[in-house]
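Comments concern the structure below.
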Amino acid sequence: MGDCLFCKISRGEIPCRKVYEDDEVLAFHDINPVAPVHFMLIPKLHLASLAEAEDVHASLLGRMLVLASRLAREQGLEKGFRTVINTGKGGGQEVFHFHIHIIGGGNIPPMVRRG
Ligand code: AMP
Ligand code: ZN
């Protein structure tokens, strides 16, 4: 996808603060962090959101979850971390290239505020 921001980052056309890279995925720090540690993990393959995921993506997505946990530990989040996947406009997604946010290291509030 020529003009997709995260495709451009994965091709190295836009710089990022890299956390991890292999043939299939890239992890980099969020430009506008909401906690002391906030990075995201993306597939190099363009997948707009989780809503577009199909059976063919299952092993990649599973691998990403396992890797998210390993990278969180490596970034010092041994006590735990939050993973967030915003999906579609109704889910607050802003960049339409699938990504998993990995967040932690601070005072993480309850995810959903009730009342
Ligand atoms: P989402 O709302 O899940 O689509 O999140 C998009 C995230 O991308 C936001 O947390 C932004 O701060 C982050 N972001 C936008 N542009 C960049 C960039 N150039 N490098 C790193 N993170 C970015
Ligand atoms: Zn993309």
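Indexing begins at 1, ligand by ligand and atom by atom, following the structure's order. Note that this is a predicted model, so its numbers are computed, not measured. Sequential numbering from 1 along the given sequence is applied to the chain's residues. FYI, side chains are in, hydrogens and waters are out, and symmetry mates aren't considered; it's all heavy atoms of this structure.
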With ring centroids as reference points, do H99 and H97 lie under 6.0 angstrom apart?
-> no

Are any protein N/O atoms closer than 3.5 Å to the N/O atoms of ligand 1? If there are, list each pair with names and the distance to one decimal place.
| residue | atom | partner | partner atom | Å |
| --- | --- | --- | --- | --- |
| ligand 1 | 2 (O) | G92 | O | 3.2 |
| ligand 1 | 2 (O) | E94 | N | 3.3 |
| ligand 1 | 3 (O) | N86 | ND2 | 2.9 |
| ligand 1 | 3 (O) | H99 | NE2 | 2.7 |
| ligand 1 | 3 (O) | H101 | NE2 | 2.8 |
| ligand 1 | 4 (O) | E94 | N | 2.7 |
| ligand 1 | 4 (O) | V95 | N | 2.8 |
| ligand 1 | 4 (O) | H99 | NE2 | 3.1 |
| ligand 1 | 5 (O) | H99 | NE2 | 3.3 |
| ligand 1 | 5 (O) | H101 | NE2 | 3.3 |
| ligand 1 | 10 (O) | D30 | OD1 | 3.3 |
| ligand 1 | 10 (O) | D30 | OD2 | 2.6 |
| ligand 1 | 12 (O) | D30 | OD1 | 2.5 |
| ligand 1 | 22 (N) | I31 | N | 3.1 |

Could you tell me which residues satisfy side chain to side chain donor-acceptor pair (under 3.5 Å) with R73, sequence neighbours excluded, listed by chain and number?
-> S69

What angle sits at the Zn ion (ligand 2) between SG of C4 and SG of C7, to 10°?
-> 120°

Residues 85-92, side-chain donor-acceptor partners within the protein, below 3.5 Å, at least two apart:
none

Can you find a pair of side-chain heavy atoms, one from Y20 and one from E74, that are under 4.5 Å apart?
-> no

Would you confirm whether the ring centroid of F6 sits within less than 6.0 angstrom of the ring centroid of F28?
-> yes

For H97, the N, O or S atom at the shortest distance from the Zn ion (ligand 2) is ND1

Which single N/O/S atom of H46 lies at minimum distance from the Zn ion (ligand 2)?
-> ND1

F39 and H29 aromatic ring geometry - parallel, tilted or perpendicular at 30°/60° bounds = perpendicular

Partner residues of F96 under the ring-ring contact (aromatic ring centres under 6.0 Å, His included) criterion, sequence neighbours left out | none

